[in-house]
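Accompanying notes for the structure given below.
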Amino acid sequence: MADLVKFTINGREIEAPAGMLAIEAAKQNGIEIPSFCYYEGYSLQAACRMCLVEVEKMPKMQVACTLPVAAGMVIRTETDQVKLARKSTLEFLLTNHPLDCPVCDKGGECELQDMVFKYGAGESRYVEAKIHVDEQQWSPVVFYDGPRCILCFRCVRACDEGMGVGALGVVNRGAMSLIAPNKGDHLECDECGQCIDICPVGALTSGPYRYLTRPWEMDHIGTICTHCSDGCKTTLGVRNDEIVRGNNRDRSGVNGEFLCVKGRYAFDFNKHAERLQSPMMRVNGKLEEVSWSKALETIANKFGEIRSRGGKFGVIGSNHTTNEENYYLQKFARQGLGTNSIDHHRTGDVVTLVDALSGTTGRLANSADFYERKAVLVIGSDFSVEHPFLAFQARANFRHHEAHIYTVTAEPVREDNYAARSVRVAKGEELGALEGLREALAAEPDLVIVFDDSIKGDKVRSVVEFGQSLGIPVSYCALVDYSNSRGAIDMGLAPEIGPGYHATGQPGMSMNDMLAAADLAALWVVGANPLENAKLAASKAFVVVQDLFLTETAQRADVVLPAASAYEKNGTVTNGRGEVQRLKRASATMGAKTDLEIIGLIAKEMGLAPMMGPWLPETVYAEIRKTVKGYDIPLPLVTIGAQQSTPVNGRVGVESRPDLVRSEHNNLFESGTLGRYSQVLNTVIEGRQSR
Amino acid sequence: MTFSPELEAQFEKFLAKYPADKKRSAVIPMLVYAQDETHAITQEVIEEVAKRCGVTPLQVDEVVGFYSMLHKKPQGTYHVQVCTNISCLIVGGEEIWNQACHKLGIGHKQTTADGRISLEEVECMGACSWAPAVQVNYDFYHFVTPSQLDKLLDGLSAGKKPDEIAGVKRASC
Ligand code: SF4
Ligand code: SF4
Ligand code: SF4
Ligand code: FES
Ligand code: FES
């Protein structure tokens, strides 16, 4: 760190590292210097002149956002001259600004509104007609209203530097300047909405949210994105029990304010017209709506009967349901139904990684590592497309810390643009390419190695051996697909593994075995769609499905129970790095119940309630803390931020099953079954092109 | 898109001048020279320059929109620029400008129907000492009088080259 220097702001003696920007030094000391174009983390622009301050011995006022502090500097931020400058800057910014705040989406949370209120003049001297250009729609997601734009270029930088997309630019000059999309009249980009999010005014607005509400009429519910395993915190804006917006302006999660198109917009599956709202039962070959009591009674009777005659059960859990639900489900399966045939769709080989790292601590990468470690090696994954947040972290790491990014992939990836080395290999040959990187990697101070399902089974061990032989601190991450893929295996949704990676030592069918077993008596599927591309061999099996939609699997069911989505429940989920975070209920769908409640109700109907315990998320979490290795994390800590669970502690005493690991490699606009019901993901043109 | 061999050679020279990761520095000179040849910066030119300089077409478009000397609309064979900034203004620059518009029947940044002449009202061209000043393509005309302007525009309209027009002299600075 640079040497500390002493200087004063408004007469107050302040100490800060030499070269720190005056605007930052002021902020750290609780002194506000108003700004528009300055945005921490992005390149300096000095375009808006809102941050002018007086500096002694400098003839003119200085922009604090590009002014490095030096010893002995005397800065003043509240003199008459400064106040007048702010007033004039705002008057200029309002020259062509339409002042349509009463109908503007941003009204109420607009930085320009706030600034004018605090620093502006009460009236303008301009009488000239304002320049008007018509509003443009650039995509289903992004709208641009030129007259409202104050030309701070935050959006341009967020897209170019933050996203690595560079889809926005500034055309024309002076008062005629406008922001323009990369394809002339429309955008082809990630549709992440970061540009809209970062816009201080209502110039960029979001298609799904436009004109739906005023900011102060919403409840703001902090929860976790239910799509990929990156596990971004999202703050849902809820009005009249309907989710209308997703963002994370308060930067409260691991992801700061980052969200991709899925986290920001693909909550819309929640109100899809095909959401199930009533239990259904097969009557004369057709699914018909029935009451909850009828459905539960039927399931309980059938399950009870099969259990008493020793019939074969198969239970398939979800990559999206909460830890509590997964834990509760496996407990029910193992202790209530007496079967060890419980599984889920495995999307990355976490088990082998955890095993290979046994005896070490602190080797599982967390979210911050991708931003802080000096080097990141990405194996197999099209990182920006499949893991938008982690890729965003790595990009920021490169920008801010000059981190070295290495990629080993079959196809070109966005990371190539700034990677220290990109290695192209045939699919399946990824491991072989590592030796070629040994020298470069060994010279790094530290490293994160992140891999997708191209590395599984013994290959995971080889990667870890390779990493450990480099002689530098290395942390690892096995990428998985969905919001709680990691939690599913941590909670023991696998026949060979119980909660906390305990070997069960009991026989049990894997998901593939269940689907193939001709004598399967009952299949219970909670929040998964195994029959999307597969057949169920047992034609007579009694099938119970809990889901949001009538999926391929639900269509084969004898009883279908309408389940609540992740945005409609409380509980915890664990992201791909093992960070446990808290889901908070944002809305509700009439007729649907949480999977936890449904499992509890079935247990109760079967007389198993005392064994299962109450179906309250907090109670189940308390049990998880006691039983699952590494999860002894107090709930308040999970609520305020992600806490990494630490399951590694000795060998996992089972044979690894790499044959069951298969990633869906969902791109930016896909999210398994859920993605099929998101209007936004289905309407953006990049989504359609990528299919 | 292909350019004349001379222009291609010129581009080569520009690109060789800058380090490989700073190729974008060649955007402006390339645009200027391309415009001389094509008389307008078309989308095709933008995309070609972007490709050669390793930037996005939008980034080239930003440059084109920013600099007033880069034109997206086709210019005439002779681009007549009349200065109406302060030094020229006080010695008749505005009258020269109005006369030119009137005579050609076109206005700012417009081109005659035959494509021979385009007009542009410009800011100071650095010829204040010899105001009022007019510029035709890269050549200057100093102390321009209404009658000289008439001769110049008549000559150009009639298909003459600037050097062939009697009674008006190119400045030799
Ligand atoms: S939506 Fe995202 S990728 Fe598209 S222009 Fe905005 S910031 Fe760039
Ligand atoms: S659109 Fe918004 S973020 Fe972009 S330059 Fe205009 S005001 Fe700034
Ligand atoms: S990166 Fe993943 S977790 Fe984050 S917003 Fe996108 S889909 Fe959701
Ligand atoms: S914040 Fe300093 S010029 Fe915009
Ligand atoms: S004002 Fe006309 S050339 Fe300077």
Side-chain angles (χ1 to χ4, degrees), chain A residues 37 43 45 47 131 133 136 138-139 142 144 146 149 151-190 195 204 398-399 402 404-405 412 414 416-422 686, chain B residues 1 18-32 34-35 40-75 79 81 83-86 107-110 120-125:
Chain A
C37 69
S43 61
Q45 194 82 39
I131 299 174
V133 290
Q136 303 167 18
W138 291 341
S139 81
V142 188
Y144 177 64
C149 176
L151 297 168
C152 66
F153 313 132
R154 283 189 196 176
C155 54
V156 178
R157 286 171 285 158
C159 186
D160 185 24
E161 300 166 18
M163 299 306 298
V165 173
L168 297 176
V170 199
V171 293
N172 307 334
R173 183 161 46 138
M176 307 307 290
S177 297
L178 289 171
I179 301 302
N182 58 356
K183 296 289 162 180
D185 61 351
H186 72 280
L187 272 173
E188 280 177 33
C189 65
D190 282 7
C195 50
L204 288 167
F398 167 74
R399 282 201 324 279
E402 292 166 8
H404 292 160
I405 313 293
R414 188 178 301 167
D416 296 347
N417 293 333
Y418 59 92
R421 286 269 291 280
S422 307
E686 304 84 353
Chain B
M1 143 170 227
Y18 303 105
D21 60 335
K22 303 268 178 345
K23 276 198 291 186
R24 62 190 302 163
S25 305
V27 166
I28 295 179
M30 275 194 171
L31 286 171
V32 172
Q35 174 172 272
I41 297 184
T42 58
Q43 189 58 29
E44 216 188 349
V45 172
I46 288 178
E47 277 166 25
E48 190 63 30
V49 170
K51 196 166 81 196
R52 294 182 190 215
C53 297
V55 296
T56 65
L58 182 54
Q59 284 169 320
V60 176
D61 207 16
E62 288 180 314
V63 172
V64 177
F66 186 85
Y67 289 104
S68 60
M69 287 175 191
L70 298 172
H71 302 269
K72 282 193 180 178
K73 280 201 291 186
Q75 294 170 261
H79 187 55
Q81 299 145 76
C83 174
T84 56
N85 211 314
I86 186 72
H108 179 56
K109 290 203 174 177
Q110 292 181 342
E120 187 178 354
E121 181 181 12
V122 297
E123 304 303 329
C124 180
M125 322 188 280

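In what follows, every chain begins at residue 1, and chains take the letters A, B, ... in the order their sequences are listed. No hydrogens, no waters, no symmetry mates; every other heavy atom, side chains included, goes into these values.
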Please say whether more than 12 non-hydrogen atoms of neighbouring residues, nucleotides or ligands are located less than 6.0 Å from OH in B:Tyr67. no

Shortest non-hydrogen contact between A:Leu168 and B:Leu58, atoms and distance: C-CD2, 3.3 Å

Flag yes if more than 12 heavy atoms outside B:Met1 fall under 6.0 Å of its CE atom; otherwise flag no. yes

Using atom types as modelled and distance alone, determine if a side-chain donor or acceptor of B:Glu62 lies under 3.5 Å from a backbone N or O of A:Val171. no

Can you tell me how far the CG atom of A:Asn182 sits from the CG atom of B:Asp61, to the nearest 0.5 Å? 11.5 Å

How close do B:Ser68 and A:Arg173 get, counting heavy atoms only, and between which atoms? CB-NH2, 3.6 Å

Heavy-atom neighbours of B:Lys51 NZ exceed 12 at 6.0 Å: no

Take atom CZ in A:Arg399; do more than 12 heavy atoms of anything else shown fall under 6.0 Å from it? yes

